[in-house]
Amino acid sequence: MDRPTTFSLEHSPRRVSNRVVSLDDTSEWAKHLRRVGFREGVEVEVLSGRDPVMVRCQNSCVALRRCMLGCVQVCALQEAQRRMSSAAQ
């Protein structure tokens, strides 16, 4: 099965749901992001802002510095759901 197209959360348009694919654990921010709920497979959405940026993660909204978003790799939620449904068939 093909891997989904991934991109950094800092490049996500506002109000688009994404699924976390990975966190760069070499980043100084990864531990903090995991503590506030960012994990592989979690749904996230950039809501607003330049710096800080409001991000919905699961059922919570958190304000993050824009530089923190660079260590979060995501794929579009619709693409992830489409790939999961085609794999199940």
Side-chain angles (χ1 to χ4, degrees):
M1 184 167 76
D2 294 335
R3 294 193 61 165
T5 304
T6 62
F7 52 94
S8 172
L9 186 56
E10 69 183 321
H11 298 296
S12 175
R14 292 181 187 172
R15 300 287 180 185
V16 174
S17 294
N18 298 291
R19 179 142 342 259
V20 175
V21 174
S22 65
L23 272 76
D24 177 5
D25 286 321
T26 62
S27 167
E28 62 183 299
W29 303 113
K31 187 175 181 180
H32 173 72
L33 290 167
R34 288 188 187 281
R35 209 175 2 218
V36 297
F38 283 76
R39 289 180 179 46
E40 291 78 359
V42 169
E43 185 178 336
V44 294
E45 177 182 351
V46 175
L47 300 175
S48 65
R50 294 186 191 274
D51 202 5
V53 179
M54 289 298 298
V55 178
R56 183 179 54 77
C57 178
Q58 298 181 39
N59 294 323
S60 300
C61 290
V62 293
L64 301 173
R65 296 182 63 194
R66 180 160 293 281
C67 62
M68 298 171 83
L69 303 181
C71 74
V72 182
Q73 290 294 305
V74 298
C75 69
L77 183 62
Q78 290 178 334
E79 180 181 353
Q81 289 173 334
R82 185 174 53 249
R83 288 176 186 274
M84 287 174 55
S85 66
S86 66
Q89 294 177 352

Chemist: Any side-chain to backbone donor/acceptor pair from N18 onto V16? Under 3.5 Å, distance only.
Modeler: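 Pair found, side chain donor or acceptor close to backbone of V16.
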
Chemist: Measure the spacing between OG1 of T6 and CD of Q73 and express it to the nearest 0.5 Å.
Modeler: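 The distance works out to 5.0 Å.
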
Chemist: Does any pair with a residue in residues 53-62 pass side chain to side chain donor-acceptor pair (under 3.5 Å), and if so which ones, sequence neighbours excluded?
Modeler: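 Non-adjacent pairs meeting side chain to side chain donor-acceptor pair (under 3.5 Å): E43-R56, E45-R56.
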
Chemist: Listing request: all salt bridge (Lys or Arg N to Asp or Glu O under 4.0 Å) pairs with a residue in residues 30-40, at least two apart in sequence or in separate chains.
Modeler: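 Residue pairs passing salt bridge (Lys or Arg N to Asp or Glu O under 4.0 Å), neighbours aside: D25-R34, R34-E40.
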
Chemist: With sequence neighbours excluded, tell me which residues meet side-chain contact (heavy atoms from CB on, under 4.5 Å) with C71.
Modeler: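 C71 satisfies side-chain contact (heavy atoms from CB on, under 4.5 Å) with D24, S27, W29, L33 only.
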
Chemist: Is there side-chain contact between V44 and V74, with heavy atoms separated by less than 4.5 Å?
Modeler: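 V44 vs V74: side chains touch.
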
Chemist: Can you tell me if R19 uses its side chain to pair, donor with acceptor, with the backbone of A76 under 3.5 Å?
Modeler: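 No; zero donor-acceptor contacts below 3.5 Å.
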
Chemist: Hydrophobic clusters here meaning ILVMFWY residues chained together by side-chain heavy-atom distances under 4.5 Å, can you tell me if L47 and L77 are in one?
Modeler: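 Result: no, two separate clusters.
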
Chemist: Are M68 and V21 connected in the hydrophobic side-chain network, where two residues link if heavy atoms are under 4.5 Å apart?
Modeler: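 M68 does not cluster with V21.
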
Chemist: Less than 4.5 Å apart, side chain to side chain, heavy atoms only: is that true for C75 and T5?
Modeler: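 The answer is no; the side chains never approach within 4.5 Å.
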
Chemist: For the residue pair L64 and P52, establish whether any side-chain heavy-atom pair is separated by less than 4.5 Å.
Modeler: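 Contact flag for L64/P52 side chains = no.
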
Chemist: Taking side-chain contact (heavy atoms from CB on, under 4.5 Å) as the definition, give me every residue that meets it alongside R14, ordered by chain and number, with sequence neighbours left out.
Modeler: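 Partners of R14 by the side-chain contact (heavy atoms from CB on, under 4.5 Å) criterion, ordered by chain and then number, come out as V46.
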
Chemist: Do V42 and F38 sit in the same hydrophobic cluster, where Ile, Leu, Val, Met, Phe, Trp and Tyr count as joined when their side-chain heavy atoms come under 4.5 Å apart?
Modeler: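 Yes, same cluster.
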
Chemist: Using a 4.5 Å cut-off on heavy atoms from C-beta on, say whether the side chain of L69 contacts that of V55.
Modeler: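 SC-SC contact between V55 and L69 confirmed.
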
Chemist: Which heavy atom of M54 sits nearest a heavy atom of C61, and at what distance?
Modeler: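 Heavy atoms of M54 and C61 come nearest at CE-CB, 3.8 Å.
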
